[in-house]
Amino acid sequence: MSPALTWLKRIAFGLLVVVITVYTLFPFYWAVVSSLKQGSALFEVEAWPRNPAWQNYSAVFTEQPFGRNLFNSVMVAGSVVLVSLFLAVTAAFALARIRFRGRTPLMLMILAVSMFPQIAVLSGMFELIRALGLYNTLPALTLSYMLFTLPFTVWVLTTFMRELPKELEEAAVVDGATPWVICMHVFLPLLRPALVTTGLLAFIAAWNEFIFALTFTMDQEARTVPVAIALMSGASQYELPWGLIMAASVIVTVPLIALVLIFQRSIVSGLMAGAVKG
Amino acid sequence: MLARQRVRAAWLFLLPTLVVLAGVAGWPLLRTFWFAFTNASLASGEQPEFVGLENFVVVMEDPDWWRSVRNTFLFTGVSVTLETVLGMIIALTLNSRFRGRGVLRAAVLVPWAIPTVVSAKMWGWMFHDVYGVINEVLMHFGVISGPIAWTVDPNLSMVAIIAVDVWKTTPFMTLLLLAALQMLPDELYEAARLDGANPVLVFFQITLPLIRGPMLVAIIFRVLDALRVFDLFYVLTSNSAESMSMAVYARQQMFEFQDLGLGAAAATLLFGLIALFTIIYMVLGRNSVIQEAA
C-alpha cells in the first residue's frame with residue numbers, strides 16, 4: 001500500500017474517532033454549559049458562557065426541595081441494593097451450587113420476571129401499596145423496585161457463583177459445614193467483586209427509575225430525583241426554568257458518570273452476565 | 001441423607017426471594033389481569049364489577065390506542081435498527097488497536113450512565129424550538145430556514161424521541177457487540193489479510209456470520225426494552241395524544257382518567273406482546289440458559 005493511502009486511512013479513522021467522541025459527549029457538555037447560564041444568556045448559543053453563573057446550582061436547592069429529592073433517591077436506591085443483595089446471595093447459592101428438581105424452570109421464571117414491563121404490574125402494585133398503607137412513602141418505592149432489581153441480582157450472582165471452584169465447597173463439607181456456613185463464610189467473601197458490580201448496577205437502575213416513582217408518590221417532598229427533574233416547573237406554566245433543570249441534571253449525573261468510569265471494567269462484565277448469557 | 005438436606009436447604013434459601021417475587025410480580029400481575037375484566041375505577045370507592053371483554057373492546061375501538069401502537073412499533077423498529085448499526089460501527093472501531101482506545105471506551109459509556117429522564121431533558125433543551133442548539137446549528141448551515149418545533153409537532157417529536165433513545169442506548173449495544181467481536185479468533189483475520197481480502201467483504205462474510213447469535217440476542221433484548229418505553233415519551237412530549245407509547249396510553253387511562261379497568265386492559269395487551277417476544281428471546285438464548293443450568 002502506498003504511504004499516501006495509509007495516511008489517508010489513518011486520517012479517516014481519526015476522524016471517525018473524533019465524530020464518535022463528540023456525538024457521545026456533546027449533550028452532556030451542553031447541559032453543563034447551559035447550567036452555567038442565567039436569564040437572557042441562556043438564550044444565546046455560545047460554546048462557553050462569558051460569565052459562568054453558579055447561581056443555578058444553589059437555586060435548585062433553595063427554590064426546589066431538591067436536597068430532599070436527592071436524599072430520597074439515595075435512601076431508596078441504597079435500601080433496594082441492600083435488600084436485593086441480601087436476598088439474592090442465598091437464592092443464587094441455591095441455584096448455582098445445589099442440584100434439585102425444578103431448578104431450570106425456576107431460573108427461567110426469574111429470567112421471565114426480569115422482562116416484565118412495569119406497566120403490567122402498575123395497577124396491581126398500586127392497590128397493594130395502598131392496602132399496605134405505603135402510598136407516598138419511600139418504602140413503597142423500595143418494595144416495588146424489587147420487581148426489576150431482584151431477578152437481575154439473582155441472575156448475575158448465580159452466574160458468578162457458578163464459577164467458584166468446587167474443591168472449596170467439598171473441603172468445607174468434609175469439615176461438616178452446613179450449606180448456610182458454606183454460603184456465608186466460604187463463598188460470600190469470594191463474591192465481593194461480584195457483589196460490588198451487581199450492587200452498582202442495581203443502584204443505577206433504582207436511581208433512574210421513573211414510572212413507579214411517578215405513580216406511587218404525590219408530594220414534592222416524597223419525589224425521587226428523576227420525577228423531580230421531570231416535573232420541575234417555573235413561575236408560569238409556559239416558562240420552564242431550563243437553567244435550573246440543567247443544573248439539577250448535572251448534579252444527578254456527575255456521581256453516576258464517576259462511578260461508571262471507576263468501575264468500568266466490572267460494570268461491563270456485569271452487563272454481559274445479565275444480558276448475553278441469559 | 002446429605003443430599004436431601006441440601007435440597008431442603010436450597011428451597012429454604014430460595015424462599016425469601018420467591019416470596020418477594022410473588023408479592024411484587026405474581027400478585028400485582030394477576031390483579032392487573034383481573035382489573036382488565038372489571039369496571040375498576042380510582043374515582044369510585046365501590047367494589048369493581050366484572051364486565052367481561054368490554055374494556056378490551058373499548059381499547060380496540062379507540063383510535064388513540066392504535067396511534068400509540070403505531071408509535072411504539074415505529075419507535076422500536078427505527079431505534080433498534082439505528083442502535084444496531086451505530087453500535088456495530090463503534091464496536092468495530094473500539095475493536096481495532098489505536099492510541100486512546102481506553103479513553104474512547106470510557107467516553108462511550110457516559111450516555112448509558114445518564115438517567116433516561118435526564119437525557120430526555122437534556123435533549124429536550126437541545127431541541128427547544130426557539131433557543132435550542134440543534135435549530136441554531138441547522139440554521140447556521142442552511143439546512144432549515146426557520147426554527148422547528150421538534151417536540152411539539154407529532155411527526156417531528158418521534159424524530160426527537162428516537163434521537164435520544166439511540167444516543168442513550170447505543171453504548172449498551174456497543175458493549176455486547178464488542179464482547180462478541182473480541183471472542184473471534186485472530187487467525188481467521190490473519191488468513192484473510194494474507195489473501196488481501198477487502199475489509200468490507202471480510203466484515204460481511206466472516207465477522208457478521210460469526211457474531212450473528214450474540215447480535216440477535218442483543219437485538220431482542222433491546223426490542224423488549226423499547227416496546228415498554230415510557231419515560232422518553234412522557235418527558236419529551238408532555239403527554240400529547242398524538243405522541244404516546246403504549247405504556248403512556250395505559251398509564252394515562254389508569255391514573256389521569258382514573259379508569260383502572262381500561263388501563264389494565266391496555267397494559268394486559270402490552271404484556272401479551274412482550275411475553276411473546278420474551279418467549280422468542282428464551283428460545284433463541286435457550287442453549288446458553290440450559291448450559292448455565294446444567
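Numbered from 1 within each chain, the chains take letters A, B, ... in sequence-line order. These numbers come from the heavy atoms of this one structure, side chains and all, not from hydrogens, waters or symmetry mates.
- Interface check for chain A: of the options Ala36(B), Ala113(B), Ala267(B), the most heavy-atom pairs under 4.5 Å are formed by Ala113(B).
- At a 4.5 Å heavy-atom cutoff, Arg10(A) makes no contact with chain B through either its backbone or its side chain.
- Note that CD of Gln264(A) and CG of Leu109(B) are 5.5 Å apart. Values are rounded to the nearest 0.5 Å.
- For Arg265(A), the CZ atom counts as loosely surrounded, since its 6.0 Å shell holds 12 or fewer non-hydrogen atoms of other residues, nucleotides or ligands.
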Exercise. Dump the intermediate steps for side-chain contact (heavy atoms from CB on, under 4.5 Å) on Trp125(B) and Ser249(A), then the final yes or no.
Key: CA-CA 12 Å; Trp125(B) 170 236; Ser249(A) 300; over 6 Å; no
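- Nearest heavy-atom pair across Arg6(B) and Glu169(A) is NH2-OE2, 3.1 Å.
- Inter-residue side-chain proximity for Pro115(B) and Val252(A) is flagged as met; some heavy-atom pair is nearer than 4.5 Å.
- Counting heavy atoms from C-beta outward, Val17(A) and Thr93(B) have side chains that approach closer than 4.5 Å.
- Thr215(A) touches chain B through backbone and side chain together, each having a heavy atom under 4.5 Å away.
- The shortest distance between side-chain heavy atoms of Thr21(A) and Leu104(B) falls below 4.5 Å.
- Thr17(B) places a side-chain N or O within 3.5 Å of a backbone atom of Leu87(A) that can act as its donor or acceptor partner.
- Between Tyr145(A) and Val24(B), every side-chain heavy-atom pair lies at or beyond the 4.5 Å cut-off.
- In terms of heavy-atom proximity, Lys121(B) sits nearest to Trp242(A) at O-CZ3, 3.5 Å.
- In this structure, CH2 on Trp112(B) lies 4.0 Å from CD1 on Ile204(A), to the nearest 0.5 angstrom.
- By the 4.5 Å heavy-atom criterion applied to side chains, Trp11(B) and Leu106(A) are counted as neighbours.
- Remark: Ile119(A) CD1 to Met246(B) CE distance equals 10.5 Å, nearest 0.5 Å.
- For Leu147(A), the parts sitting under 4.5 Å from any heavy atom of chain B are the backbone and the side chain alike.
- For the set Ser119(B), Gly213(B), Ala247(B), the entry with the most heavy-atom pairs within less than 4.5 Å of chain A is Ala247(B).
- When the candidates Trp123(B), Trp167(B), Phe277(B), Phe98(B) are compared by the number of heavy-atom contacts under 4.5 Å with chain A, Trp167(B) comes out ahead.
- In this structure, CH2 on Trp180(A) lies 10.5 Å from CG on Leu12(B), to the nearest 0.5 angstrom.
- Comparing Ala106(B), Ala9(B), Gly26(B) by heavy-atom pairs within less than 4.5 Å of chain A, the highest count is held by Ala106(B).
- When the heavy atoms of residues 28-35 of chain B are compared with those of chain A, the residues falling under 4.5 Å are Pro28(B), Leu29(B), Arg31(B), Thr32(B), Phe35(B), listed by number.
- The shortest distance between side-chain heavy atoms of Val121(A) and Trp27(B) does not fall below 4.5 Å.
- Among Leu261(A), Val113(A), Leu150(A), the residue making the largest number of heavy-atom pairs under 4.5 Å with chain B is Leu150(A).
- Arg105(B) touches chain A through backbone and side chain together, each having a heavy atom under 4.5 Å away.
- Between Ser114(A) and Arg228(B), the shortest heavy-atom contact is O-NH1, 4.1 Å.
- If you measure heavy-atom distances from Val89(A) to chain B, you find no contacts under 4.5 Å at all.
- You'll find the side chain of Phe26(A) reaches within 4.5 Å of the side chain of Val133(B), heavy atoms only.
- Only the side chain of Phe126(A) comes within less than 4.5 Å of a heavy atom in chain B; its backbone stays farther off.
- Separation of atoms CD1 (Ile245(A)) and CE (Met122(B)) is listed at 13.0 Å; rounding is to 0.5 Å.
- Residue contact with chain B, scored on non-hydrogen atoms closer than 4.5 Å, involves the side chain of Met246(A) exclusively.
- For Leu18(B) against Met109(A), the heavy-atom pair with the smallest separation is CD2-CE, 4.3 Å.
- For Ile229(A), the parts lying under 4.5 angstrom from a heavy atom of chain B are both the backbone and the side chain.
- The shortest heavy-atom contact between Met126(B) and Pro27(A) is SD-CA, 3.7 Å.
- Note: Phe271(B) and Phe116(A) have perpendicular aromatic rings, judged against thresholds of 30 and 60 degrees for the angle between ring planes.
- Between Thr116(B) and Phe210(A), every side-chain heavy-atom pair lies at or beyond the 4.5 Å cut-off.
- Using a 4.5 Å cut-off between heavy atoms, Ile98(A) touches chain B through backbone and side chain atoms alike.
- Contact annotation for Leu200(A): neither backbone nor side-chain heavy atoms come within less than 4.5 Å of a heavy atom of chain B.
- The most heavy-atom pairs under 4.5 Å with chain B, out of Phe13(A), Phe28(A), Phe93(A), come from Phe13(A).
- Heavy atoms closer than 4.5 Å to chain A are found in both the backbone and the side chain of Val166(B).
- For the residue pair Ser123(A) and Ala264(B), the shortest heavy atom distance occurs at OG-CB, 4.2 Å.
- For Ile90(B), the parts lying near chain A are the backbone and the side chain together; criterion is any non-hydrogen pair under 4.5 Å.
- Contact count versus chain A (heavy atoms, under 4.5 Å) is highest, among Leu269(B), Leu260(B), Leu270(B), Val20(B), for Val20(B).
- Remark: Leu14(B) CG to Leu95(A) CG distance equals 5.0 Å, nearest 0.5 Å.
- Of all the listed residues (Val83(A), Leu214(A), Val260(A), Leu259(A)), the one sharing the greatest number of non-hydrogen pairs under 4.5 Å with chain B is Leu214(A).
- Using a 4.5 Å cut-off between heavy atoms, Ile129(A) makes no contact with chain B at all.
- Heavy atoms of Val154(A) lying under 4.5 Å from chain B belong exclusively to its side chain.
- Annotation: maximal heavy-atom pairing with chain A below 4.5 Å, among Val118(B), Thr278(B), Leu15(B), occurs at Val118(B).
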